[in-house]
There are 2 protein chains.
Amino acid sequence: MTQDRLSQTFSALADPTRRALLARLSQGEANVSDLAKPFLKEMSLPAVTKHLKVLERAGLITKSRDAQWRPCKLNGEPLKDAVDWMEHYRVFWEQSLDRLGEYLKGKGHGRKR
Amino acid sequence: MTQDRLSQTFSALADPTRRALLARLSQGEANVSDLAKPFLKEMSLPAVTKHLKVLERAGLITKSRDAQWRPCKLNGEPLKDAVDWMEHYRVFWEQSLDRLGEYLKGKGHGRKR
DNA sequence: TGTGTATTTAACCATTAGGTTAAATATAAA
DNA sequence: TTTATATTTAACCTAATGGTTAAATACACA
């Protein structure tokens, strides 16, 4: 199925290998074999290539060419829409922290000691 | 595979039906058939049940019991970790906006007219 | 023109995801 | 105890995911 943009972003992020690749790329450009190195005990090079392709199709990275190397660069823009979507729900994770905060501040008016 | 928490959250969000279910629940509790109603032209009730189960396993909703109804309630906490992860990349979507901002402010010192 | 290094593609496989229909279960109420 | 409504489970199907190995391609250089 041709997924909508947001689904594509979220499903690209739904894999720890791919998140680790993005984390590595947040420190700077790197080519495929550099990126693959930390994973070659766990999986093959073509497996990493496939993960990179998923990230590329999601627009989260772009590959350029330098001789036989393919330097990859992180592109954060798709994350903006994802975060924007999630921000609508901020109240749903902050409300529980509020309750915790009020409890800790002793606003319970003597309830629970 | 038993996924890590973050992967489970992102993959739960990687489906438009499930995001729509969460959007509906952000307006308040609803039971399964209420939630399913907008989707029954596109899919069956058991399909919706499955989506709700995915959201439940991801900790994004909780179901309670009221006679034969199963009221569902949104739980935003897993989204916090997801947003926290993404915030590390904020600079990667803001930097391009900065460049746009600087361009618009004419900070280009005459380059590119 | 080979040769070495980097990367991708092809062909395949097992598991998961997302859907279906039919049957089972839970609960209230006649 | 039957009936009606709400929901889930079972069994099944197809396509997508994430991995493999082997072969192909891209490029620099002796």
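Please read all numbers here as calculations on a predicted model, not as lab measurements. A note on names: the letters A, B, ... follow the listed sequences, proteins ahead of strands, and every chain is numbered from 1.
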Inter-residue atom distance A/D15.CG - B/D4.CG, 0.5 Å rounding =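 So the gap between those two atoms works out to 8.5 Å.
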
C/dT8 phosphate, OP1 or OP2, under 4.0 Å from A/T49 side-chain N/O | yes

In whole Å, I'd like the distance from the [atom1] atom of [X] to the [atom2] atom of [N].
{"X": "A/F10", "N": "D/dT17", "atom1": "CZ", "atom2": "P", "result": "17 Å"}
{"X": "A/I61", "N": "C/dT7", "atom1": "CD1", "atom2": "C1'", "result": "13 Å"}
{"X": "A/Q8", "N": "D/dA16", "atom1": "CD", "atom2": "C1'", "result": "13 Å"}

Contact nearer the 5' end of DNA chain D, comparing A/D66 with B/L52 | B/L52

Quick one: do B/I61 and B/W69 end up in the same hydrophobic cluster if we chain Ile, Leu, Val, Met, Phe, Trp and Tyr together by side-chain heavy atoms under 4.5 Å apart?
->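 No, because B/I61 and B/W69 fall into different hydrophobic clusters, even though each may have its own neighbours under 4.5 Å.
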
List the atom pairs, with distances to 0.1 Å, where a side-chain N or O of residues 32-52 of chain A and a protein N or O form a donor-acceptor pair under 3.5 Å, not counting sequence neighbours.
unit_1: A/S33; atom_1: OG; unit_2: A/N31; atom_2: OD1; d: 3.3
unit_1: A/S44; atom_1: OG; unit_2: A/A47; atom_2: N; d: 3.4
unit_1: A/T49; atom_1: OG1; unit_2: A/L45; atom_2: O; d: 3.4
unit_1: A/H51; atom_1: ND1; unit_2: A/R18; atom_2: NH1; d: 3.1

Quick one: are B/Q8 and B/R5 in side-chain contact, heavy atoms under 4.5 Å?
->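 When only atoms from C-beta onward are counted, B/R5 and B/Q8 do touch, with a gap below 4.5 Å.
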
Close side-chain approach of B/S26 and A/H88, heavy atoms under 4.5 Å | no

Answer yes or no: is there an ion pair linking A/R90 with A/E87, defined by an N-O contact shorter than 4.0 Å?
-> yes

Any N/O pairs under 3.5 Å between the protein and nucleotides 18-22 of chain C? List them or say none.
unit_1: C/dG18; atom_1: OP1; unit_2: B/R18; atom_2: NH2; d: 3.3
unit_1: C/dG18; atom_1: OP2; unit_2: B/R18; atom_2: NH1; d: 3.2
unit_1: C/dG19; atom_1: OP2; unit_2: B/H51; atom_2: NE2; d: 2.2
unit_1: C/dG19; atom_1: N7; unit_2: B/K50; atom_2: NZ; d: 3.1
unit_1: C/dG19; atom_1: O6; unit_2: B/K50; atom_2: NZ; d: 2.3
unit_1: C/dT20; atom_1: OP1; unit_2: B/S44; atom_2: N; d: 3.2
unit_1: C/dT20; atom_1: OP2; unit_2: B/S44; atom_2: N; d: 2.8
unit_1: C/dT20; atom_1: OP2; unit_2: B/S44; atom_2: OG; d: 2.6

